[in-house]
Amino acid sequence: VTEDLIHFRSRARAFIEANLPRQGEEHQLTDHVIQAQIFDAGFAGIAFPAEYGGAGLTLDHQRVFYEETDGHVTPQGFGVSIAMLGATLLDFGSEELKARHLPNILRGDELWIQLLSEPNGGSDMAGALTKLSRDGDTYVLTGSKMWSSGARRADFGMCLARTDFEAPKHRGLSMVAVPLQGTPGVTIDTILQSTSVPGDFCTEFFDDVVLPVANLIGDENQGWAVAQRLLFHERNATAGISHGLGLMGSRSNEGSDHIASGALFRGARRRGLGGDPVLRQRIAESHVEHVVSMAARTRIMTGLQTGAFEGQWGSLLKLHIGENSPRHAKAALSVWGPDGVIWEGNELVSGSVGEQFLGSRGISIAGGTNEMQRNIVAERLLGLPREPSIDRDLPFSEVLRLRRHGPA
Amino acid sequence: MNLQLTGEQEEFRLTARKFLEAEAPLSAVRELFEDANGFDSAFWSQAADLGWTSAFVPEQYGGGTLSGRSGSDAVIIAEEMGRVVAPGPFLPSNVVATAVAAAGSVDQKTELLPRIAAGSTVATWALAEPGGVWSQTEPDIQAVADVTSGRVVLTGTKSYVESAAVADLFLVTARTGEGLTQVLVPAGAPGLKVLPCRSLDITRRFGSVSLDGVSLPESAVLGTAAGAGPMVERQLQVALALQCAETVGACDSAFTSTVDFARDRYAFGRPIASFQAIKHRIADMLQWLEFSKAIVDTATEAVDEERSDAGELVSIAKAYAGDRCLDIVDDCVQISGGIGVTWEHDVHLFSRRIAVNRALFGSPDQHRERLCCLLERNESL
C-alpha cells in the first residue's frame with residue numbers, strides 16, 4: 001500500500017525541519033553533503049524504485065517533498081542529473097547500468113549530463129554526425145557535441161551518436177554513456193556566453209574514445225527513442241513536474257509571486273516613474289504572466305495525474321517560459337530605462353537587467369527551442385499533420401551527399 | 001474546465017450541455033438576433049429548473065450547491081453557456097443572489113431568493129456608469145443614495161445593465177457620502193427609467209437606467225447604508241469569475257472548430273494545419289487557452305474560499321483571459337480565411353460574446369491597473 005500524502009508530508013516535514021538549514025541561516029554544509037543526507041534518509045528520487053536507491057513512491061510524493069523544502073536550503077546542481085538523466089536511465093538503462101549508477105546519481109556522488117546537440121545542428125538532433133563504431137568488444141566514439149551544460153564537472157554524459165550511416169536518420173542512432181573525466185580522447189572546452197559570464201555551457205571533442213559495449217543505453221540503433229524520452233523528462237523538469245527537486249533545485253528559486261513585480265516597481269520608483277500608467281501596465285503584465293503560469297503548472301500536473309492529459313503537456317509550460325523570459329526581461333529594460341544599461345564606475349557589474357536581457361533568450365532556445373515546442377504541441381498534443389520531410393526516409397549517407405552536392 | 005469536478009458536477013455539466021444542445025443550438029441563438037429581449041422566458045425558466053440560478057442561494061431559500069462550492073458549480077454553467085454563446089440573464093441573476101444571500105435581511109431573503117432561484121424574478125446588477133470609468137481598484141460611482149428619515153432616494157445614471165428591459169429587480173450600487181450603499185429597486189418604481197441598448201452580442205441585451213429621485217422605504221437598502229464596499233467587491237469577484245469562465249468556454253468552442261477546420265482544409269497539396277505558419281499559431285493559442293482555463297479555476301477557488309487574494313486573482317484572470325481569449329478568437333477568424341468574416345460562419349458569434357465580456361466589469365487594462373494598486377497596498381515594496 002502506498003503511503004498516503006498526508007502521512008508522507010508530515011514525515012518529509014520532520015526530516016526537513018531537522019536536517020535542512022533555513023534559508024539565510026549560517027551553515028557549513030556543501031550541496032553534496034545535503035544531497036547525501038537526503039538520499040540516506042530515503043528522500044532522494046522519491047519516485048524511483050527502492051532497488052535503485054529511491055523510495056518507490058510517486059511523483060505526487062516528490063512534489064509534496066519539494067513543497068515542504070520551501071524556505072530551506074536545498075542542494076543545487078543535481079537537477080539535470082536526477083530529473084533528466086537518471087529518469088532516462090531508469091527507463092532505458094540495462095540492469096547493470098541502473099544498479100551501478102542510479103544510487104550514485106541519486107546520492108549526488110555521480111553527476112550526469114546530456115550530450116545531444118552538435119556544432120552542426122541543435123533542433124535537428126537526429127542529424128547527429130558524431131560516430132559510434134563497434135570494434136570487437138568495444139565501441140569507438142568520434143565527433144563533437146555542443147551546448148552541454150556542466151560537462152566540466154560531470155562524471156558521465158549520455159551521448160547520442162550514429163551507429164549506422166546507411167539507415168534513415170532516426171534509425172541509425174544509439175545512446176551511449178561516456179565517462180568524461182580523465183578519459184583518453186575526451187577534450188572539454190567552455191563556451192563564453194554573450195553576457196561575458198563564463199557559463200556552464202561546454203563543447204566536447206571525442207577523438208577515438210574507447211567505450212565498453214555495456215555502456216550502451218537502450219538497443220543499438222534505438223537511440224532516437226532514448227533521446228526522445230530524455231527530452232520528455234527535460235520538458236517536465238523545466239516545467240517543474242519531475243523527479244528530484246526539479247531543475248530549479250528548490251521552490252524558493254521559483255520566485256515568489258511578488259518578487260518579479262516588486263523589483264519592477266522599485267525600478268520604476270527609482271526613476272520617479274512609479275505612477276507612470278504605461279510602465280504600470282507592463283509591470284502588471286509581468287505579474288499576471290507569472291501567476292498564471294503557476295496556475296497552469298498546477299493544472300497540467302493535475303491533468304497528468306488524473307489522466308485527463310496524456311503525453312507531452314510539459315511542452316506548453318516550456319513554450320510559455322520560453323516566450324515569457326524575454327518578455328519579462330524587456331519589461332525590466334523599459335522600467336529601469338537608462339539605469340538598467342548604464343552604471344557609474346569602471347567595474348563590470350553582473351546581474352543587471354541589461355545582462356538579464358542578454359541572457360533571456362537562453363531559455364527560449366535551450367531544451368528545445370520555442371519553435372520545436374510549438375511543433376510538439378501542435379503535432380503531439382493536437383495531432384496536427386507534420387510538415388513533409390525530405391530527409392526522413394533517405395539513408396543518412398544520402399542526406400549527407402545531398403547536403404554536399406545538392407540534388408542530382 | 002476544472003479537472004477535478006465531483007461526479008455530481010460532471011452530471012450537472014452533462015445535463016446543461018444536453019439541454020443547451022436541444023434548446024439553444026447556434027441556429028436558435030442566431031434567431032434571437034431579432035428578438036428584443038434576447039432570450040425566451042420559457043427557456044430561462046427551464047434553465048432555472050436545472051439549477052442554473054441556485055448555486056448562490058442557500059438551500060432554505062430554494063437553492064443549494066452540489067459541491068458546497070457555489071462558484072465551482074456556477075462556472076460549469078458559465079462555461080457551457082459560453083460554448084454555445086447561450087442566451088439568458090445568468091450572470092446578473094447569480095450575482096444578485098450572492099448579494100442578497102450574504103447581505104439581505106430575513107425579509108429580503110425570504111421574498112427574493114426563492115424567486116431568483118426559480119427564475120421567476122429576473123434580477124440584475126446596476127453597477128457601472130457612463131464610460132465605464134474606474135479609479136484605482138473599483139468602478140467610479142457617482143449615483144447617490146440619500147438615506148434619510150426612513151427613506152432611500154436614488155439619483156444618477158447606471159449603464160451597461162444586463163437585461164435591464166426585462167429585469168424585475170435592480171440591485172443598484174450608489175454612493176452615500178464616502179461609502180457605498182446598495183438598494184433593491186423593483187422595476188416600475190417611479191423615477192426609474194430604462195433605455196434599452198443593443199450590444200455587439202447576438203443575444204445579450206443591456207440598458208441604461210436613469211434614477212431620477214427614486215424614493216423607496218429604507219427597507220429596500222441591502223445591508224448597511226454606506227457600508228456596502230466589501231459586498232460590492234465580493235459581487236465583482238463573483239461576476240468576474242463567471243464572466244471569465246464564459247469567455248473561456250466560448251473561446252474553447254471557437255478554437256476546437258478552427259483546429260478541425262485547419263486539419264480538413266487543403267491548400268498547396270496538404271492540410272493547412274501542416275504548415276508551421278498555421279500550426280505554430282495554433283500551438284500558441286492552445287497555450288493561451290489552457291493558461292486561461294487554469295487561472296479561471298484558480299480564481300474561482302479563491303472566490304469560493306473568500307480568500308484575501310481573491311480580488312487579485314480575479315483581476316489576473318480578467319487581465320489574462322480577457323486579452324488572450326480575444327486574441328485566440330481573432331486568430332480563429334484569420335485561420336478560417338474569407339469564410340471567417342461572413343455572417344454564415346459561426347466564429348463571429350464567439351468573437352461577439354468575448355468582446356462584450358471583455359468590456360464589462362473592468363477591461364483587462366483597468367484590471368492591470370487595479371492589480372498594481374492591490375500589490376502596492378498589500379506589501380511594502
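Order of the sequence lines fixes the chain letters, A, B, ..., with proteins taken first and strands second; residue numbering starts at 1 for each chain. Just the heavy atoms: all of them, side chains too, but no hydrogens, waters or symmetry mates, feed the values below.
Considering only heavy-atom pairs separated by less than 4.5 Å from chain A, the leading option among B/Glu369, B/His367, B/Arg281 is B/Glu369. Between chain B and the residues A/Ser293, A/Pro388, A/Gly383, A/Ser315, the most heavy-atom pairs under 4.5 angstrom are made by A/Pro388. Chain A forms more heavy-atom pairs under 4.5 Å with one residue of B/Pro271, B/Ala283, B/Ser274, B/Ala294 than with any other, namely B/Ser274. When A/Thr306, A/Thr298, A/Leu319 are compared by the number of non-hydrogen pairs under 4.5 Å with chain B, A/Leu319 comes out ahead. Heavy-atom pairs under 4.5 Å with chain A peak, among B/Ile282, B/Leu286, B/Thr298, at B/Leu286. Ranking A/Leu381, A/Asn375, A/Ile376, A/Val377 against chain B, the residue ahead of the rest is A/Asn375, based on heavy-atom pairs under 4.5 Å. Of all the listed residues (B/Phe291, B/Phe275, B/Trp288), the one sharing the greatest number of non-hydrogen pairs under 4.5 Å with chain A is B/Phe291.
Only the side chain of B/Leu371 comes within contact range of chain A, with at least one heavy atom under 4.5 Å from a heavy atom of that chain. For chain A, no part of B/Ile278 is nearby; none of its heavy atoms comes within less than 4.5 Å. For chain A, no part of B/Asp323 is nearby; none of its heavy atoms comes within less than 4.5 Å. Contacts between A/Glu379 and chain B at a heavy-atom distance below 4.5 Å involve the side chain alone, from C-beta outward. Residue B/Arg270 touches chain A through its side chain alone, counting heavy-atom pairs closer than 4.5 Å.
Here the closest heavy-atom approach between residue A/Ala308 and residue B/Leu3 is recorded as CB-CD2, 4.0 Å. Contact between A/Pro385 and B/Lys279 at its shortest, heavy atoms only, is O-NZ, 3.0 Å. Nearest heavy-atom pair across A/Gly274 and B/Glu376 is O-OE2, 4.4 Å. When all heavy atoms of B/Ala319 and A/Val288 are compared, the closest pair comes out as CB-CG2, 4.0 Å. A pairwise comparison of heavy atoms in A/Leu382 and B/Arg263 identifies O-NH1, 2.8 Å as the closest pair. Here the closest non-hydrogen pair linking A/Leu384 and B/Ala273 is CD2-CB, 3.9 Å.
Expressed to the nearest 0.5 Å, how far CG of A/Leu317 lies from CD of B/Gln287 amounts to 8.5 Å. Here the CD-CG distance, from A/Glu323 to B/Asp284, works out to 6.0 Å after rounding to the nearest 0.5 Å. In this structure, CD in A/Glu371 is found 8.5 Å from CD in B/Gln276, a value given to the nearest 0.5 Å. The SG atom of B/Cys372 sits 13.0 Å away from atom CZ of A/Arg282, with the distance rounded to the nearest 0.5 Å. In this structure, the separation between OH on B/Tyr320 and CD on A/Glu285 is 11.5 Å, given to the nearest 0.5 Å. Here the CZ-CE distance, from A/Arg374 to B/Met285, works out to 13.0 Å after rounding to the nearest 0.5 Å.
Residues passing the side-chain hydrogen bond (donor to acceptor under 3.5 Å, both in side chains) test with B/Lys293 are B/Asp252, B/Glu290, sequence neighbours excluded.
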The test is side chain to side chain contact (heavy atoms under 4.5 Å, CB included); show your working for A/Arg280 and B/Arg368 and say whether it passes. CA-CA 8 Å; A/Arg280 288 169 74 82; B/Arg368 280 189 284 269; over 6 Å; no
Which is it for A/Asn370 and B/His280 under the side chain to side chain contact (heavy atoms under 4.5 Å, CB included) test, yes or no, and what are the steps along the way? CA-CA 9 Å; A/Asn370 291 353; B/His280 282 193; over 6 Å; no
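At distances below 3.5 Å, at least one donor-acceptor pair connects side-chain atoms of A/Gln281 with backbone N or O atoms of B/Asp365.
Other residues, nucleotides and ligands contribute only 12 or fewer heavy atoms inside 6.0 Å of the CD atom of B/Gln136. Crowding of B/Arg265 atom CZ: a count of heavy atoms from other residues, nucleotides or ligands under 6.0 Å not exceeding 12.
Within the 4.5 Å cutoff, no side-chain heavy atoms of B/Ile295 are placed close to those of A/Arg299.
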